[in-house]
Structure formats: structure tokens, C-alpha cells
Amino acid sequence: MKTYRPAWVRPVNALPVIVLVLLVTHPGRAFGQDFKEELVTVQAGDIPIILSAPHGGRLAIPKVDKRLGVGVRSFRTVMDTRTDLLTQKIADEIEKETGKRPFLVIAQFHRRYVDANRKPERAFESPNAKPVYEAYHQAIRDAKAQVIKHWGFGLLLDVHGQAAEPKAIIRGTQNGKTVKHLLARFGDRALIGESSLFGEFSKQGIDVIPKVDSKAKEDDRYDGGFIVQTYGSGMGGTLDAIQLELGGELRSRDRIDQTAKELASSIVTFANAYLKLNRPELLNSR
């Protein structure tokens, strides 16, 4: 199977840490002389899984002041520590297990300048930040288009960090809305059952909220933001989207490698069951 690599992406080798990132400029789009190519990491994939990490970046954006958030509800500028690194590690572990990579979109810019998980009017305040925000979302749109074109359906996982439950992963799907396609095909078991993604996380010994087989509502602080709402199947279509809110202990330096392996294993098991990764004859031909 040939890996799709759009013309505007330079491939890089998977590394233990992110030391190179990819050009995000689209033909005909002028970012200006001060635009920094390292602000968004984009990697093409060859399975119908997209990993997004909008809040783990550390870099400033040239000629962009910190956001003030005047009049913005639930204003946040704190980064989700090590979610950028964790997302890259998850992709590496998936490749080790399957020989194939998911699509990756990772913010290297700090959330204090742009919040990619918000509507544009709430995401940035400086016009100079707009191209960076648009680059991030264009990368997701392009990945989604390729997933639908080549496989017909797929899964977007948006990786975040939370401090409320240090040992847990909190599910965010707008109480099932962003995975309407998945639920229509397989029913509640695909979202809350033992074979669901969070069921697989639980089998790894990770605390999950809501608990497996519980019909409790999702925590409204973490129940799915702009990215999963915009690109998930709640807006129609066949790409399902889940926000993963990982506690601080799961993202700690001592735990991050283990977390990446556990999450990757769970994602692969879930994808084998529901995306049929282990049965290529059921996937559209590349």
C-alpha cells in the first residue's frame, strides 16, 4: 500500500522526539516572510486514523502577541504538557505494531497565541495568527479528505491533557454526537462497551471516565471541543471523532512511553474490530 503524501508535505522519519516538522504552506498561500514553517507538524498516513494534538506546542508565533481573551468564555492559555510528544509516540507505536502510520497534525505553536480547538473568532486575536490557525485546520481537512477518499470511513482522535483526574482518560464525544456514524453501524457497544476504545483503555489498567458500560453523561468540561465537533460525524459524513483528555500522571516523563504503548495497542485493537485494519479486503483499494 502506497503512502499518500500530498505535494505540500515533506516526509520525515519517525523519531523518538520531534526534531523536524513539515512544511504546511499550500500553493498560492502567502504566509509572509516571518512565517515559521515549524509551527505545525503534518505527517501523511496510510491507515484511516488521524491523530491531532492542538495544545501541546511551545513556540511563539512571530509578530503575534499573547491572547487576552476579553469576552471569551472558558478562556485558556495553558498548554497540555507533553501531548505533542505523546501523540508522536502513539503514532510510532502504531507503526511498530501494524507497519503503517496514522495521519498526524500537531501544533508546535503555544496555545497562548492560537487555540486551534476554538472557532476562529475565539481562537486568535492577531491577524498574523490567522494563517497558522488555518494551516492547522487545513491539514485536518486534507487528512479527512484522504481518509474518506481511500477508505470510506475513519477515526479522528484529538489528544488533550486535563488535571482533574490525574490517572484517567476522559471521553469527549458530545455524548455520542461526534461518533454518530460509528453508533449507527455498531450500536452503543462501540462507544461504551468492553470492545469500545475506552473499553480497550480500561483493559490496559487505565481509569476511564465515564466507566465502561456506563450510560452516564460525559463531563461537560471535557465532552468534546471544536475539532471533534467540526470534523466528527455529528456534522454528517463517515469520519468519527473522539476527544481524549489524559490526566497528568499518564503524561508524566516516567509514564509517557508506557502510556503511548498502551494507547497505541488499544487503538489498533479497536481499529481492527471497527475499522477492519486487519482485513484489507474490506477497505477501499489504495
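These numbers were taken from a predicted model, which means no experiment stands behind them.
Geometric assessment of R185 against the ring of F153 yields a positive cation-pi assignment under the 6.0 Å and 45° thresholds.
Hydrophobic cluster of L68: the remaining members, joined at side-chain heavy-atom separations below 4.5 Å, are V70, listed by chain and number.
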Should E134 and Q138 be marked as a side-chain contact (heavy atoms from CB on, under 4.5 Å) after you check the CA-CA gap, both sets of side-chain angles, and the distance that decides it? CA-CA 6 Å; E134 290 183 341; Q138 187 62 52; 5.9 Å; no

Test K203 against E262 for salt bridge (charged side-chain N to carboxylate O under 4.0 Å, His left out), laying out the working first. CA-CA 9 Å; K203 292 173 187 176; E262 292 172 350; over 6 Å; no

Are H181 and F186 close enough, and set up right, to give a ring pair (Phe, Tyr, Trp, His ring centres under 6.0 Å), and what steps lead you there? CA-CA 9 Å; H181 174 256; F186 300 106; 8.2 Å; no

Check the pair Q43, V105 against side-chain contact (heavy atoms from CB on, under 4.5 Å), reporting the backbone distance first and the verdict last. CA-CA 7 Å; Q43 292 179 3; V105 184; over 6 Å; no

May I have the step-by-step check of salt bridge (charged side-chain N to carboxylate O under 4.0 Å, His left out) for R101 and D92, ending in yes or no? CA-CA 7 Å; R101 288 188 69 79; D92 293 344; 3.0 Å; yes

Are K100 and E95 close enough, and set up right, to give a side-chain contact (heavy atoms from CB on, under 4.5 Å), and what steps lead you there? CA-CA 5 Å; K100 304 179 187 301; E95 184 174 25; over 6 Å; no

For K89 and K261, what are the C-alpha separation, side-chain angles and deciding distance, and is it a side-chain contact (heavy atoms from CB on, under 4.5 Å)? CA-CA 8 Å; K89 286 178 176 289; K261 290 178 181 179; over 6 Å; no

Show, in sequence, the C-alpha distance, side-chain angles and deciding distance for T41 and Q108, and conclude whether the side chain to side chain donor-acceptor pair (under 3.5 Å) test is met. CA-CA 7 Å; T41 295; Q108 304 299 338; 2.9 Å; yes

Assess whether ring pair (Phe, Tyr, Trp, His ring centres under 6.0 Å) is satisfied between Y136 and Y133, documenting all intermediate values. CA-CA 5 Å; Y136 194 92; Y133 177 86; 8.3 Å; no

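Atom NZ in K215 sits 5.0 Å away from atom CG in D188 (nearest 0.5 Å). Note that the OG1 atom of T83 and the CD atom of Q162 stand 12.0 Å from one another [nearest 0.5 Å]. Note that the CZ atom of F198 and the OG atom of S214 stand 12.5 Å from one another [nearest 0.5 Å]. With values rounded to the nearest 0.5 angstrom, I49 atom CD1 is found 6.0 Å from L275 atom CG. The CG atom of L157 sits 5.0 Å away from the CG atom of L244 when rounded to the nearest 0.5 Å. For the atom pair CG (L86) and CZ (R251), the distance works out to 8.5 Å, reported to the nearest 0.5 Å.
Proximity of a side-chain donor or acceptor of D80 to a complementary backbone N or O of H160 within less than 3.5 Å is not detected. No donor-acceptor distance shorter than 3.5 angstrom exists from the side chain of S266 to the backbone of L197, with no hydrogens or angles considered. Judged by distance alone, the side chain of S126 and the main-chain N or O of D65 form no donor-acceptor pair under 3.5 Å. Here the side chain of S196 pairs a donor or acceptor atom with the backbone of G199 at under 3.5 angstrom. Proximity of a side-chain donor or acceptor of T178 to a complementary backbone N or O of G232 within less than 3.5 Å is not detected. With E249 contributing its side chain and P166 its backbone, the two residues share no donor-acceptor pair below 3.5 Å. Side-chain N or O atoms of T230 include none that pairs as donor or acceptor with a backbone N or O of I227 at under 3.5 Å. Under the 3.5 Å distance criterion, the side-chain polar atoms of D207 are left unmatched by any main-chain donor or acceptor of A168. In this structure, Q243 contributes its side chain and T173 its backbone to no donor-acceptor pair below 3.5 Å. Between the T98 side chain and the I94 main chain, a donor and an acceptor come within less than 3.5 Å of each other.
Ring to ring, F124 and Y113 are not that close: their centroids are 6.0 angstrom or more apart.
The shortest heavy-atom contact between L59 and E38 is CD1-CG, 3.6 Å. Closest approach of I209 to E165, counting heavy atoms only: CD1-CG, 3.4 Å. Closest of all the heavy-atom pairs between P102 and L51 is CG-CD1, 3.9 Å. Closest heavy-atom contact between K217 and P210: O-CG, 4.0 Å.
Using modelled atom types, one finds a donor on one side chain and an acceptor on the other under 3.5 Å when comparing Y231 with H137.
For CZ of R255, the number of neighbouring non-hydrogen atoms (other residues, nucleotides, ligands) closer than 6.0 Å is greater than 12.
No option in D115, T81, D84, D158 other than D115 meets the side chain to side chain donor-acceptor pair (under 3.5 Å) test with H55.
Under the 4.5 Å side-chain contact rule for hydrophobic residues, I61 and V72 do not share a cluster.
For residues 67-76, no pair satisfies side chain to side chain donor-acceptor pair (under 3.5 Å), with sequence neighbours left out.
With sequence neighbours left out, the salt bridge (charged side-chain N to carboxylate O under 4.0 Å, His left out) criterion links E93 to K96.
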